[in-house]
Amino acid sequence: MTPSGLPDAPAPHPSHAPARLRAAVVGASGYAGGETLRILADHPRIDVTTVTAHSSVGKHLSEVAPHVHLDEDLELVDTTVENLSGHDAVVLALPHGQSGQIAARLRASDPEVLVVDLGADHRLESAQDWADYYAGEHSGTWTYGMPELPLVAGGSADGASRQRDLLRTAREIAVPGCNATAVTFALAPLVRAGLVDHRALSAVLPVGYSGAGRSPKQHLLFAEAAGGAAAYGVGGTHRHIPEILQNLRRASGTADARLTFTPVLVPMTRGILAVVTAPAGDGVTEQALLDALGADFADEPFVHVLPGGAVPSTQQVVGANTVRIGATVDRRSGQVTVISAIDNLVKGTAGAAVQSMNIALDLPETLGLPRTALAP
């Protein structure tokens, strides 16, 4: 009997429990792979049953990712089609340019498996953009893993109004870049609504060092990084630029947007604070900006548009699969400023992957994803 005196509810019969799905994580020893494992470790419907790596083959997960607790201390194995066969989903957390080949072999072996690529290999629609920014052979274009991205009316052959609609039947998902995520959320609604001059967009992004990956490099050493800030990818060379412009084109139909984009490494582990500016349209007010952001994101569980006068910080999103956005107008300069904050490893990478996986696997979109940040 329960404390209220009512009979205890019958325990669910084992045959009625929803089936658990099996996932493999490729590149499990890196930051992106490790973050994917951290999120999936508490997922109520997905079990990680295989982890693969390159230089860490033969080690156990407790050696390379001791913060992750799975039911079993898995041993890292080689990244082969044989080891990846038999899973419902495979997450590829590999450096750019390394996903295409293994993905093609895996898809040929098992056409029904869901493959989620955290790298850039399958994000871009244009082979010329790939050649210009990444070099090498373009691996093709997969369904883009940003469910919240609104699509211009008539912009999709099947009438989809939001990227989420395309993810429902996807078997191949390209997860967005972290910087591209932060800037797209800040800009897409405003470009769609015609509130800013899309030919004069600018973004400066303080970013955390985890975005540079786990491989040891001199400029990532503590002695080199602590106490300073360092810009990179300047002068229109950063690889996320064509991805952002592609997103703006899909969201608004605008084909001639121009973006000046400068990320800056700052001494924090996680986080991106995208500070985006653009000339305001005639008569544009702060409320008009907030209304446009709210119209596109009002029903999105992971997007928080802040009230007038409020701006986000990276501390408000650490560990959470959330985007926080604030916007205002500088009357003296005639410039719009939009600031968005994300955790580059969660909403910027692994969280977006799991969110898109949930949709493609016909699970509740928010399942297993944290919306509350860590503080302090």
Side-chain angles (χ1 to χ4, degrees), residues 20-107 109-110 113-121 173 175 178 208-225 269-270 318-319 343-346 348-354 357 368-370 374:
R20 297 187 65 83
L21 305 173
R22 301 173 74 245
V25 176
V26 177
S29 58
Y31 286 148
E35 191 70 0
T36 303
L37 290 171
R38 183 183 74 86
I39 294 172
L40 290 179
D42 291 324
H43 198 289
R45 291 287 306 280
I46 299 176
D47 292 326
V48 176
T49 54
T50 301
V51 288
T52 82
H54 176 58
S55 59
S56 298
V57 167
K59 295 183 178 180
H60 283 83
L61 195 59
S62 59
E63 298 176 74
V64 300
H67 64 294
V68 174
H69 177 75
L70 301 178
D71 290 336
E72 179 183 354
D73 188 11
L74 299 174
E75 180 180 337
L76 280 79
V77 297
D78 281 316
T79 302
T80 65
V81 171
E82 292 73 22
N83 285 334
L84 298 176
S85 296
H87 296 86
D88 298 288
V90 175
V91 179
L92 304 177
L94 295 171
H96 303 319
Q98 296 186 17
S99 299
Q101 192 172 20
I102 185 64
R105 296 200 304 267
L106 182 59
R107 298 291 294 135
S109 172
D110 185 358
V113 66
L114 173 63
V115 185
V116 182
D117 186 7
L118 302 188
D121 292 33
I173 297 174
V175 177
C178 54
Y209 270 79
S210 60
R214 198 174 187 181
S215 298
K217 301 171 185 175
Q218 180 176 333
H219 75 285
L220 303 180
L221 296 173
F222 181 82
E224 303 280 344
T269 301
R270 294 170 178 253
V318 172
D343 183 322
N344 57 291
L345 290 178
V346 188
T349 308
V354 174
M357 284 172 60
L369 290 165
L374 301 174

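Excluded from the calculations below are hydrogen atoms, water molecules and symmetry mates; all remaining heavy atoms, backbone and side chain alike, are included. Source: prediction; values computed, not measured.
Applying the salt bridge (charged side-chain N to carboxylate O under 4.0 Å, His left out) criterion to R45, with sequence neighbours excluded, gives no partner residue. Applying the salt bridge (charged side-chain N to carboxylate O under 4.0 Å, His left out) test to R105 and every residue at least two apart in sequence or in another chain returns nothing. The side-chain hydrogen bond (donor to acceptor under 3.5 Å, both in side chains) search around T269 returns none, not counting sequence neighbours. Partners of D117 according to the side-chain hydrogen bond (donor to acceptor under 3.5 Å, both in side chains) rule, which considers only residues two or more places apart in sequence or in another chain, are S99, H122. In this structure R20 satisfies the side-chain hydrogen bond (donor to acceptor under 3.5 Å, both in side chains) test together with D47, sequence neighbours excluded.
Contact check for L106 versus V113: side-chain heavy atoms found under the 4.5 Å cut-off. For the pair V90/L114, no side-chain contact is recorded, criterion being any heavy-atom separation below 4.5 Å from C-beta on. Counting heavy atoms from C-beta outward, V91 and M357 have side chains that approach closer than 4.5 Å. You'll find the side chain of V346 stays beyond 4.5 Å of the side chain of T349, heavy atoms only. Counting only heavy atoms from C-beta outward, the side chains of V68 and L61 approach each other to under 4.5 Å.
Annotation for E224: atom CD counts as buried by contact number, over 12 foreign heavy atoms lying within 6.0 Å.
Here the side chain of D121 pairs a donor or acceptor atom with the backbone of G97 at under 3.5 angstrom. Side chain of N344 to backbone of C178: no donor-acceptor contact under 3.5 angstrom is found.
Taking each heavy atom of V57 and A53 in turn, the nearest pair found is CG2-O, 3.3 Å. In terms of heavy-atom proximity, D110 sits nearest to G86 at OD2-N, 4.5 Å. Of all non-hydrogen atoms in S62 and P66, the two that sit nearest each other are O-CB, 3.3 Å. Contact between A353 and V116 at its shortest, heavy atoms only, is CB-CG1, 3.9 Å.
Pairs passing the salt bridge (Lys or Arg N to Asp or Glu O under 4.0 Å) check and including a residue from residues 84-94, sequence neighbours excluded, do not occur. Residue pairs satisfying the ring pair (Phe, Tyr, Trp, His ring centres under 6.0 Å) criterion with at least one member in residues 56-101, sequence neighbours excluded, are listed as follows: H96-Y134. Each ring pair (Phe, Tyr, Trp, His ring centres under 6.0 Å) pair with one or both residues in residues 32-57, not counting sequence neighbours, would appear here, but there are none.
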Contacts table for residues 31-40: side-chain donor-acceptor under 3.5 angstrom, sequence neighbours left out:
residue : atom : partner : partner atom : Å
E35     : OE1  : R38     : NE           : 3.3
E35     : OE1  : R270    : NH2          : 2.8
E35     : OE2  : R38     : NE           : 3.1
E35     : OE2  : R38     : NH2          : 2.8
E35     : OE2  : R270    : NH1          : 3.0
E35     : OE2  : R270    : NH2          : 3.4
T36     : OG1  : A32     : O            : 2.9

Could you pull out every donor-acceptor pair under 3.5 Å between side chains of residues 74-84 and any protein atom, sequence neighbours left out?
residue : atom : partner : partner atom : Å
T79     : OG1  : T52     : OG1          : 2.7
T80     : OG1  : N83     : N            : 3.1
T80     : OG1  : N83     : ND2          : 3.2
N83     : ND2  : D78     : O            : 2.8

- Checking side chain to side chain contact (heavy atoms under 4.5 Å, CB included) for the pair V26/L94: CA distance, chi angles, key distance, verdict? CA-CA 7 Å; V26 177; L94 295 171; 3.8 Å; yes
